[in-house]
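Below is one structure; the comments refer to it alone.
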Amino acid sequence: ALDNRGAGTTETTRSFGFADMVSDLVAVLDAAGAAEAGVVGISMGGFMAQELALAEPQRVKKLVLVSTAASQRMIRKDDAPWTQNLHEVEQKLSPYFTAEFARKNEVLVKSMVKQIAKAVGEGAFADRSEDQRQAAAGFDSRARLIGLSRPTIVIHGSEDAIIPIEAGHELARLIAGAQLTELAGAGHLLLAERPKELYRLISAFLAP
């Protein structure tokens with residue numbers, strides 16, 4: 001697993017583009033000595049995973065696309081910046097979950113809100129998030145995915161308010177032989193809402 005440029009413990013001090021982020025994936029594979037790998041891309045990571053499979057198909061043994069799309073145009077637009085205001089952070093974060101999940105997991109959601117607000121206050125979280133968003137702006141793989149021949153599974157929540165389920169259906173139509181698994185009642189952050197189910201699906205698909 002890797003943190004994208006400007007995320008987690010991966011720092012960056014200069015501007016970067018989408019090609020740089022994809023080249024980072026190749027660098028990680030090279031550093032690990034992996035000629036090929038099963039690649040899992042979630043949300044914007046799904047853009048990167050698609051681009052890697054299109055540019056370096058020999059490096060991608062199997063492709064897993066979670067809560068993502070073939071075009072940046074499918075993402076819910078939200079120009080409100082990340083701030084240290086807890087209420088504003090909660091409002092910005094709320095579409096990532098279903099209302100039912102948020103209601104049943106109030107402690108988790110509140111904890112995430114506090115972590116984000118803290119990160120904004122301590123560093124360049126907001127700027128780096130915007131840098132990543134700008135790097136991925138304009139991404140569109142629709143015309144190229146028709147030629148992709150890597151074994152692929154698309155996993156998407158039916159109630160995803162950030163990238164709608166229609167985006168998952170579009171991916172499955174464009175990629176020859178792709179499997180589509182729709183998680184009924186789930187939102188965008190499947191790692192939080194359906195972790196065990198997601199892990200089982202990915203593990204089964206990537207198994208030799």
Side-chain angles (χ1 to χ4, degrees), residues 1-2 4-5 7 16-30 34-78 95-96 131-184 186-191 194 197-208:
L2 75 155
N4 293 329
R5 293 189 182 204
F16 56 89
F18 192 64
D20 296 314
M21 298 176 73
V22 176
S23 71
D24 291 341
L25 301 181
V26 177
V28 169
L29 290 175
D30 289 344
E36 63 176 9
V39 177
V40 181
I42 300 176
S43 196
M44 186 179 68
F47 292 180
M48 296 166 63
Q50 290 173 61
E51 199 63 43
L52 176 65
L54 289 165
E56 304 276 351
Q58 74 281 1
R59 306 301 296 268
V60 180
K61 186 175 183 180
K62 293 182 178 180
L63 183 62
V64 181
L65 300 174
V66 182
S67 303
T68 192
S71 172
Q72 193 267 347
R73 68 184 175 83
M74 297 293 287
I75 298 179
R76 177 181 183 270
K77 290 186 178 180
D78 180 7
Y96 287 84
D131 287 345
Q132 290 184 28
R133 192 168 76 98
Q134 289 299 324
F139 172 80
D140 193 330
S141 64
R142 289 172 296 171
R144 296 174 292 149
L145 285 180
I146 296 172
L148 185 62
S149 60
R150 299 294 86 189
T152 303
I153 184 171
V154 178
I155 305 172
H156 215 106
S158 67
E159 306 306 312
D160 191 332
I162 301 298
I163 302 178
I165 183 61
E166 289 77 16
H169 287 282
E170 182 178 52
L171 277 171
R173 287 196 305 270
L174 291 172
I175 302 173
Q179 304 175 33
L180 172 64
T181 298
E182 182 176 331
L183 300 188
H188 185 67
L189 295 183
L190 298 181
L191 282 168
R194 301 287 183 84
E197 190 172 0
L198 182 63
Y199 297 157
R200 284 197 298 268
L201 287 167
I202 293 174
S203 296
F205 180 72
L206 295 181

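Quick note: numbers below take in every heavy atom, side chains included, and nothing from hydrogens, waters or symmetry partners.
Residues Leu183 and Leu201 are in side-chain contact: their nearest non-hydrogen atoms beyond the backbone lie under 4.5 Å apart. A heavy-atom distance below 4.5 Å is found between the side chains of Glu182 and Ile165. You'll find the side chain of Leu145 reaches within 4.5 Å of the side chain of Gln50, heavy atoms only. Looking at heavy atoms from C-beta onward, Asp160 lies in side-chain contact with Ile163 at the 4.5 angstrom threshold. Residues Val40 and Leu206 form a side-chain contact, since some pair of their non-hydrogen atoms from C-beta on lies under 4.5 Å apart. By the 4.5 Å heavy-atom criterion applied to side chains, His188 and Ser43 are counted as neighbours. Residues Asp24 and Arg5 meet the side-chain proximity criterion, which asks for heavy atoms closer than 4.5 Å.
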With side-chain contact (heavy atoms from CB on, under 4.5 Å) as the criterion, how do Ile42 and Thr68 come out once you've worked through the C-alpha distance, each side chain's angles and the decisive distance to 0.1 Å? CA-CA 6 Å; Ile42 300 176; Thr68 192; over 6 Å; no
Walk me through whether Leu29 and Glu56 qualify under side-chain contact (heavy atoms from CB on, under 4.5 Å). CA-CA 11 Å; Leu29 290 175; Glu56 304 276 351; over 6 Å; no
Would Leu191 and Tyr199 satisfy side-chain contact (heavy atoms from CB on, under 4.5 Å), going step by step from the backbone distance to the final call? CA-CA 9 Å; Leu191 282 168; Tyr199 297 157; 3.9 Å; yes
Kindly determine whether Val66 and His156 satisfy side-chain contact (heavy atoms from CB on, under 4.5 Å), including the steps that lead there. CA-CA 6 Å; Val66 182; His156 215 106; over 6 Å; no
Quick one, Arg73 with Glu170, criterion salt bridge (charged side-chain N to carboxylate O under 4.0 Å, His left out). Give me CA distance, side-chain angles, the key distance, then yes/no. CA-CA 13 Å; Arg73 68 184 175 83; Glu170 182 178 52; 3.2 Å; yes
Decide salt bridge (charged side-chain N to carboxylate O under 4.0 Å, His left out) for Arg144 and Glu51; before the verdict, give the C-alpha distance in whole Å, the side-chain angles of both, and the deciding distance to 0.1 Å. CA-CA 10 Å; Arg144 296 174 292 149; Glu51 199 63 43; 2.8 Å; yes
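Here the CG-OG distance, from Leu171 to Ser141, works out to 6.5 Å after rounding to the nearest 0.5 Å. Taking OG of Ser67 as the reference point, atom CG of Leu190 lies at 3.5 Å (rounded to 0.5 Å). Of the inter-residue distances, the one linking Ile162 atom CD1 with Tyr96 atom OH reads 4.5 Å to the nearest 0.5 angstrom. For the atom pair Leu63 CG and Ile153 CD1, the distance stands at 10.5 Å (nearest 0.5 Å). Distance check, rounded to the nearest 0.5 Å: CE of Met21 to CG of Asp131 gives 9.5 Å. Distance OG/Ser71 to CZ/Arg142: 4.5 Å, rounded to 0.5 Å.
In this structure, a donor-acceptor pair under 3.5 Å is absent between the side chains of Gln132 and Gln134.
The aromatic rings of Phe47 and Phe139 sit parallel, their planes meeting at an angle under 30°, below the 60° perpendicular limit.
Considering every non-hydrogen atom in both Ala135 and Gly17, the closest pair reads CB-C, 3.9 Å. Heavy-atom minimum distance, Gly168 versus Leu180: O-CD1, 4.0 Å. The two residues Ala161 and Pro95 make their nearest non-hydrogen contact at CB-O, 3.5 Å.
Checking each of Val60, Leu52, Ile175 against Arg150 for a side chain to side chain contact (heavy atoms under 4.5 Å, CB included) leaves exactly one that passes, namely Val60.
Judged by distance alone, the side chain of Thr181 and the main-chain N or O of Ile155 form no donor-acceptor pair under 3.5 Å.
Residues meeting the salt bridge (Lys or Arg N to Asp or Glu O under 4.0 Å) test with Asp30, sequence neighbours left out: Arg59.
Other residues, nucleotides and ligands contribute more than 12 heavy atoms inside 6.0 Å of the NZ atom of Lys62.
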